[in-house]
Amino acid sequence: MQGSIAIQVLPETDREDIFNKVDKVIAYIDQTGLDYEVGAFETTVDGEFDELMDIIKKAHELMLEEDMDGVNCYIKTSFRKNGDGWSIEDKTKKYRK
């Protein structure tokens with residue numbers, strides 16, 4: 001089942017270290033080979049259901065491996081029964097400069 005997720009990772013760490021931690025999750029998403037787009041508040045990823053659920057799980061694991069008390073992840077999902085949902089490109093192409 002094809003779909004999309006949007007994931008916002010908020011590690012419980014010093015303000016100065018937040019981007020370094022989030023970059024680890026983005027690097028993991030990049031190495032999956034899936035289509036993704038980093039935004040100011042969240043990263044959106046297109047893929048198959050199981051692949052996307054693995055990303056959500058791995059994001060938590062990566063953060064909890066770090067020296068911090070915890071992590072908050074805010075997640076949106078979009079899946080359609082017939083797999084005919086809109087891709088990142090479909091949703092954003094008219095807004096790109």
**OP:** Could you walk me through whether Thr43 and Val9 pass side-chain contact (heavy atoms from CB on, under 4.5 Å), step by step?
**Re:** CA-CA 9 Å; Thr43 299; Val9 177; over 6 Å; no
**OP:** Under the side-chain contact (heavy atoms from CB on, under 4.5 Å) rule, what do Glu12 and Asn72 come out as? Steps first, then yes or no, please.
**Re:** CA-CA 8 Å; Glu12 294 179 11; Asn72 295 300; 3.6 Å; yes
Subject >> CA sep, side-chain torsions, deciding dist, call: Met63, Cys73, side-chain contact (heavy atoms from CB on, under 4.5 Å) >> reply: CA-CA 10 Å; Met63 293 298 94; Cys73 289; 5.8 Å; no
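Using a 4.5 Å cut-off on side-chain heavy atoms (C-beta onward), Ile18 and Pro11 make contact. The closest side-chain heavy-atom distance from Lys76 to Ile5 is not below 4.5 Å. At a threshold of 4.5 Å between non-hydrogen side-chain atoms, the residues Ile26 and Val38 count as touching. Glu51 has its side chain out of reach of Ile55: every pair of non-hydrogen atoms, C-beta onward, lies at least 4.5 Å apart. Within the 4.5 Å cutoff, side-chain heavy atoms of Ile75 are placed close to those of Thr77. The closest side-chain heavy-atom distance from Val71 to Leu62 is not below 4.5 Å.
The shortest non-hydrogen separation linking Leu52 to Gly47 is CD1-O, 3.5 Å. In plain terms, the two heavy atoms of Gly85 and Asp90 that are nearest each other are O-OD2, 4.4 Å. Across all their heavy atoms, Val25 and Ala59 have their closest contact at CG1-CB, 3.8 Å.
Put simply, the side chain of Glu48 gets close to the backbone of Met1: a donor and an acceptor are under 3.5 Å apart.
The stretch residues 20-40 participates, sequence neighbours left out, in these side chain to side chain donor-acceptor pair (under 3.5 Å) pairs: Asp17-Asn20, Asp17-Lys21, Lys21-Glu66, Lys24-Glu66, Asp30-Tyr36, Glu37-Arg96. For the ring-ring contact (aromatic ring centres under 6.0 Å, His included) condition, the pairs that include at least one residue of residues 48-79, sequence neighbours left out, are Phe49-Phe79.
For the atom pair CG of Asp67 and CG of Asp14, the computed distance is 9.5 Å after rounding to the nearest 0.5 Å.
Cluster membership for Ile7 and Trp86, using ILVMFWY side-chain heavy atoms within less than 4.5 angstrom, is not shared.
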